[in-house]
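Shown next, in structure tokens, is the structure this report addresses.
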Amino acid sequence: MPDQGEVRITVVAGRDASANFDMQSLASLLHGDQVRVRGLGVQGALPCTRAAGATTRPLRRKLRWYEGVG
């Protein structure tokens with residue numbers, strides 16, 4: 001995302017909407033709530049090659065990435 005970029009997501013319908021920001025807690029959202037994500041000008045990279053799988057597997061498990069993906 002560009003440093004000056006922003007993405008806004010507004011809850012317009014549905015039930016039991018929630019968002020997970022830190023991979024530890026869950027925030028409940030109501031109709032009309034808005035989630036805004038902005039660029040911070042900080043860059044980072046995570047290894048994503050197959051060879052790095054043994055390195056990233058504990059990180060993915062800790063952060064609960066891909067949880068619920070069948």
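Residue indices begin at 1 and follow the sequence shown.
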Checking H31 side chain against V12 main chain: does a donor-acceptor pair fall under 3.5 Å? yes
Find the distance between CZ (R8) and CZ (R36) and round it off to the nearest 0.5 Å. 5.0 Å
Answer yes or no: is there a side-chain heavy-atom contact under 4.5 Å between L29 and S18? no
Taking the side chain as every heavy atom from C-beta outward, state whether D33 and T10 have any atom pair closer than 4.5 Å. no
Heavy-atom pair of closest approach, residues V11 and A17: CG1-CB, 4.4 Å
